[in-house]
Amino acid sequence: MAEAGEKTELDRALALDIVRVTEATAVAAAQWLGRGDEASADEAAAAAMHRAIARLPFEGVVVVGEGEEGDCPVFYLGERIGEGSPSGATLDLAVDPIEGTTLCAKALPNAMSVLVVAERGSLLKVPPIYMEKVAIGPGFPDCVVDVGATASENLKALADAKGVAVSDLTVCVLDRPRHGHLIEEIRTAGAALRLIGDGDIAGVIHVTEPLQTGIDMYLGIGGAAEGVLAAAALACLGGQMEGRLVALNREHRAWAKLAGLTNLSKKYTLKDMVAGDLSFAATGITDGSMMAGVHRSSTAITTESVVMRASTRTRRWIRTEHADPKKFS
Ligand code: VTB
Ligand code: MG
Ligand code: MG
């Protein structure tokens, strides 16, 4: 990681490398599309992602993955993947082979494969527990969002910054029983709700383009891994986010401790979660609001991806035709 004040950049050629990884992962996941078998889809996608990362010219250390060593065959926290490059570069890896496993198993919109590579030591290392999140888009540097504040306080702050009424705002929230109180509070404050079944990385990303997506704020408790991955996207797109880890049971608390996260009331700003340069790639598995999913014709497989870089704030959309599907086997 860079010293304070020093700015370093990742090799920009990595962008295309990591898109190849998410493409191969999405294609593997898509073979399980609509089969109702989340575990097999996840396993196939994780194996494909692992194979593809192992071919890249760097050594990656998993800091956001599937779980603790022994609990999962690949992408356990601390796993080192790849042989490294002559320059000896080692990078942080944050992975979600299938973001929205249920969406994939049911062939519903918005399942995608996500990979972030970042400067070594720059990403918050999180076990598979939960995170309470608040996020808003760019353009309101004076609007402070606070994961410890109530929904109505955060909504009021954003409405004031935008010069609109709270009733003009729409909040995206995961549709879960645990959010009963939050949903009631948002409705009482007068804002509209976009309730999503899964996929809060896309939910957070949507706050960066409120005019297109209709979403002004993201609130609620989702995966901690998805929190860091979404923070990585915001580091490339602008916007603000705060997160606070949530351990729902004893196992979660044990995992948090193992990962060195002892203060569960700590509020993590965007910079606490992503402290250096990074590249973020995602490929659609099913058609979604960000990208089309994997499509097969008689002659090719088509994928759509986005790849972004924090240091230059570049976002590229990549539509790829894969005429030789055998390359994925
Ligand atoms: C969250 C959310 C994800 O799964 O992790 C959710 O962040 C899991 O929460 O986007 P539940 O245990 O309540 O299902 C996703 O929706 C999909 O991975
Ligand atoms: Mg997943
Ligand atoms: Mg996920």
Side-chain angles (χ1 to χ4, degrees), residues 21-22 25-26 28-30 32-33 37-50 53 62-67 71-77 93-116 124 126-135 147 172-183 194-207 215 218-234 241 243-249 251-252 255 268 273 280-286 288-290:
V21 174
T22 53
T25 311
W32 290 91
L33 204 65
D37 186 346
E38 297 187 16
S40 298
D42 226 10
E43 204 179 299
M49 184 177 260
H50 200 274
I53 292 176
V62 177
V63 295
V64 173
E66 306 272 274
D71 291 346
C72 44
V74 287
F75 296 128
Y76 54 85
L77 297 183
L93 290 176
V95 307
D96 197 349
I98 304 182
E99 155 65 334
T101 324
T102 312
L103 302 173
C104 178
K106 293 184 176 175
L108 289 171
N110 274 325
M112 57 189 193
S113 301
V114 184
L115 170 64
V116 169
L124 179 67
V126 290
I129 62 175
Y130 287 82
M131 182 188 280
E132 191 172 359
K133 310 164 192 181
V134 53
V147 72
C172 182
V173 174
L174 271 175
D175 195 4
R176 294 287 186 278
R178 63 175 175 265
H179 289 148
H181 178 74
L182 175 67
I183 288 169
R194 175 89 57 91
L195 288 167
I196 55 171
D198 283 286
D200 69 355
I201 299 179
V204 170
I205 290 175
H206 284 342
V207 304
I215 294 171
Y218 185 88
L219 282 177
I221 298 173
E226 286 84 352
V228 176
L229 289 163
L234 290 198
M241 179 171 171
R244 187 162 56 187
L245 295 168
V246 178
L248 291 185
N249 51 42
E251 197 173 34
H252 285 183
W255 284 335
Y268 293 92
M273 292 191 263
F280 173 109
T283 299
I285 299 170
T286 55
S289 41
M290 285 173 55

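Indexing begins at 1, ligand by ligand and atom by atom, following the structure's order.
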Engineer: Considering non-hydrogen atoms of the protein only, which is the closest contact for atom 2 (C) of ligand 1, and what is the distance?
Structural biologist: Asp200 OD1, 3.5 Å
Engineer: Do any heavy atoms of Met131 fall under 4.0 Å from ligand 1?
Structural biologist: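 Met131: no contact with ligand 1 (<4.0 Å).
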Engineer: Where on Leu174 is there a heavy atom closer than 4.0 Å to ligand 1, on the side chain, on the backbone, on both, or on neither?
Structural biologist: side chain
Engineer: Return yes if some donor-acceptor pair links the side-chain N/O of Thr286 with the main-chain N/O of Leu108 below 3.5 Å, else return no.
Structural biologist: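 A pair under 3.5 Å: yes.
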Engineer: Between Glu99 and Ile201, is there a donor-acceptor pair closer than 3.5 Å when you use the side chain of the first and the backbone of the second?
Structural biologist: yes
Engineer: May I ask you to check if ligand 1 and Gly223 share an N or O to N or O distance below 3.5 Å?
Structural biologist: yes
Engineer: Looking only at non-hydrogen atoms, find the nearest pair between Ile285 and Pro97 and report the distance.
Structural biologist: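 Closest approach of Ile285 to Pro97: CD1-O, 4.2 Å.
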Engineer: At a 4.0 Å threshold, what atoms of ligand 1 neighbour a non-hydrogen atom of Gly199?
Structural biologist: 3 (C), 10 (O), 15 (C), 16 (O), 17 (C)
Engineer: Quick one: look up the protein heavy atom nearest atom 9 (O) of ligand 1 and list residue, atom name and how far away it is.
Structural biologist: Arg178 NH2, 3.5 Å
Engineer: Between Arg194 and Ile215 (side chain of the first, backbone of the second, donor and acceptor by atom type, cut-off under 3.5 Å), is there such a pair?
Structural biologist: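 No; judged by distance alone, with no hydrogens or angles, the pair does not exist.
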Engineer: Keeping His50 on the side-chain end and Phe75 on the backbone end, is there a donor-acceptor pair under 3.5 Å?
Structural biologist: no
Engineer: Would the distance check show the side chain of His179 and the main-chain N or O of Leu174 forming a donor-acceptor pair, the cut-off being under 3.5 Å?
Structural biologist: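 Judged by distance alone, yes, a pair lies under 3.5 Å.
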Engineer: Has Glu38 got more than 12 heavy atoms of other residues, nucleotides or ligands less than 6.0 Å from its CD?
Structural biologist: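 Buried by this count: over 12 neighbours within 6.0 Å.
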Engineer: Any side-chain to backbone donor/acceptor pair from Lys133 onto Val147? Under 3.5 Å, distance only.
Structural biologist: no
Engineer: Relative to the Mg ion (ligand 3), how many protein N, O or S atoms have a separation of less than 2.8 Å?
Structural biologist: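 Every protein N, O or S atom under 2.8 Å from the Mg ion (ligand 3) counted, the figure is 3.
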Engineer: Quick one: which ligand 1 atoms are inside 4.0 Å of a heavy atom on Asp198?
Structural biologist: 4 (O), 15 (C), 16 (O), 17 (C)
Engineer: What residue and atom, counting heavy atoms only, is the protein's closest point to atom 6 (C) of ligand 1, and at what distance?
Structural biologist: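 Of every protein heavy atom, Arg176 NH2, 3.9 Å lies nearest to atom 6 (C) of ligand 1.
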Engineer: Please report whether ligand 1 has a polar contact with Tyr130, defined as an N or O pair separated by less than 3.5 Å (distance criterion only).
Structural biologist: yes
Engineer: Is the closest N or O pair between Glu99 and ligand 1 shorter than 3.5 Å?
Structural biologist: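 Glu99 vs ligand 1: N/O contact under 3.5 Å present.
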Engineer: Does any part of the side chain of Val74, heavy atoms only, come nearer than 4.5 Å to the side chain of Glu66, both counted from C-beta?
Structural biologist: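 No; the side chains remain at least 4.5 Å from each other.
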